[in-house]
Number of protein chains: 2
Amino acid sequence: MDESRTVSALVAEAAVHLTPAERRVAEAVIDDPKLVAFGTVAQLAARSSTSGPTVLRFAGRLGFVGFVDLQAFVREQIADQLRPATERIRERPATDVVARTLTTDLDNVRTTLEGVDEAAFAATVGVLADRQRSVYVLAGEDSRGVGVVLATQLDLLRDRVTLIEGSSVRVSRQIAEIAPGDVVVAVDHRRYERWLLEAARRAVSAGAVLVAVSDSALSPLAEAAARVFVAGVRGVGPFDSHAGAFALVHALVAGVAAKLRRRAVGRLDAVEAAWRDGGDLVDHSPPKDERR
Amino acid sequence: MDESRTVSALVAEAAVHLTPAERRVAEAVIDDPKLVAFGTVAQLAARSSTSGPTVLRFAGRLGFVGFVDLQAFVREQIADQLRPATERIRERPATDVVARTLTTDLDNVRTTLEGVDEAAFAATVGVLADRQRSVYVLAGEDSRGVGVVLATQLDLLRDRVTLIEGSSVRVSRQIAEIAPGDVVVAVDHRRYERWLLEAARRAVSAGAVLVAVSDSALSPLAEAAARVFVAGVRGVGPFDSHAGAFALVHALVAGVAAKLRRRAVGRLDAVEAAWRDGGDLVDHSPPKDERR
DNA sequence: TCCTCCACGGAACATACGTTACAGTAGAGC
DNA sequence: GCTCTACTGTAACGTATGTTCCGTGGAGGA
């Protein structure tokens, strides 16, 4: 058995061939691997509302001979995880892209969020949660993904959120709508896009509050901004990483949601109801939903 | 029993009152705690060159009633260590959104990348780097940001990359173009979007290689997929986090870039030259450029 | 030298565990 | 409607495991 494979991967691979009862076992295993590491066949059967034999058949379906074999596999994995991270990393080849990405993006997330200025964060959340102000999200080509997430999630919490994109004509028209007091969140990395810088400056002169998410406190974007957040963007490949910027957006949106809780809940429920009534979503709900 | 105490501390405290044989058991326990977590009385006795009853007396000496009690204690400790930082920390007030996001997203990135199956990763990078195959990126509404990043960056490395989005008519038309051997990367979380699932299934029956990036190995998206990657998506606010999924995209893109280095460099240079000539970019290079 | 105490392990025991055989059941195909 | 197949839980079985009881051996003291 290849030790590099995680039990989730094995389950995923065999998922198609599982019977309904076996699938319930699989869900229990994924949900709480400790149950198979420390538990017994009977406990796993009870947790998944099945029977002993079904658990055994599940183990067999994954390629193990009996429950003890599966258990040994999971225990080995856990033992691996217990060893210090440094020791574990040394084992993987230095050329391993996944390992390098892991350390790099952990760094990016940490530096991004640890570098957040409390006052700036509170102030930014404040204006973003102010329903009197329109919100515009400006993102460079590289950072469009981050901008999309920010705009999409904010839009679910409040109205008057616009993602500015498209042709320069359309951008200009949208910029023209900006009123004093509105909020513009601009996301871009080096090398900065000229149109975005100009748009940001025009927004400022129109009286907007400019919030910059950039890769440097010295970026041209930061110069014009009232609030600046610096994202760690070091990448392992030829491109910058956006993991740090995503984490920042995550925090901002959570802050806004907390501030708007009363209002946002109703809005979210309405959106969800619409989706549900339209049958657009597939729940495929596990029996135990631990979601908040 | 005070749960905060480690088993080593308990042993040290009781060490004075231990008989010689019991001391050998203590040494074995300290040397390899996994032996008591996963092993049996007989194994621990053999390892310490003692007998079953001595192991039992040792456990009693530490204040436990029987071996199972000692074992439960050690297992509890291990479970604590495995638990993600977000849960371990929950006793603390953690009113600070930024701090909560930090621990949560570090967890998300770590679980996502540590859960990556090496073989699946290599295979996925392989097909994504195969210039004979067209690549299509399918993303749910929630995950559109991640999809955008993946499509954008891949498009800079190779041609024939398409982000499938828009009205259902347009989606259908794009799906129709999929040929056997093409690659479809589908990104979605619970609750899964119906159109996306159907599109993915149609792609599979058209002969495409489906790569799923989802929040569970048992998601309906994963069922049809040839390769599955599970992203940690735990969010601090009402929405899922995309930091983990993005880190995975980061790794995938870096892997493809490494594989295509020769070809990609030329392509990147050409794109960059076009931007530069058009005057679209502002360098504003900081004094120290750490870029490779 | 004999007695006493205590550490220690062998052996017996009850239990719980993994495993297997089997029967009941629901659904698909004809 | 009938048969066959696939799925699933009940019950029985053999074994390994934790635990207890008791005998052995050796050290210290009278």
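Every chain is numbered from 1, with letters handed out A, B, ... down the list of sequences.
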Residue list, salt bridge (Lys or Arg N to Asp or Glu O under 4.0 Å) with B:R158, at least two apart or on another chain: none
Can you identify which nucleotide, out of [options], has its nearest atom closest to the [X] side chain?
X: A:L56; options: C:dT20, C:dG10, D:dT19; result: C:dT20
X: A:F67; options: D:dG9, C:dG18, C:dG9; result: C:dG18
X: B:T54; options: D:dT19, C:dG9, C:dT19; result: C:dG9
X: B:P20; options: D:dG18, D:dT10, C:dA7; result: C:dA7
X: B:V41; options: C:dG18, C:dG10, D:dG18; result: D:dG18
X: B:T19; options: C:dA7, D:dG9, D:dG18; result: C:dA7
X: B:P53; options: C:dT20, D:dC21, D:dG18; result: D:dC21
X: A:V68; options: D:dG18, C:dG18, C:dG9; result: C:dG18

5' priority, DNA chain D, between A:S51 and B:G39 [closest heavy atom]: A:S51
Any residue meeting ring-ring contact (aromatic ring centres under 6.0 Å, His included) with A:H250, in chain and number order, not counting sequence neighbours: none
Backbone of B:I164 reached by a side-chain donor or acceptor of B:T162 within 3.5 Å: no
Spacing of A:L44 atom CG relative to C:dC17 atom P, expressed in whole Å: 13 Å
Beyond-backbone contact of B:P220 with B:R201, side-chain heavy atoms, under 4.5 angstrom: yes
5' priority, DNA chain C, between A:G52 and B:A21 [closest heavy atom]: B:A21
Short side-chain N/O contact from B:R23 to OP1 or OP2 of C:dC8, under 4.0 Å: no
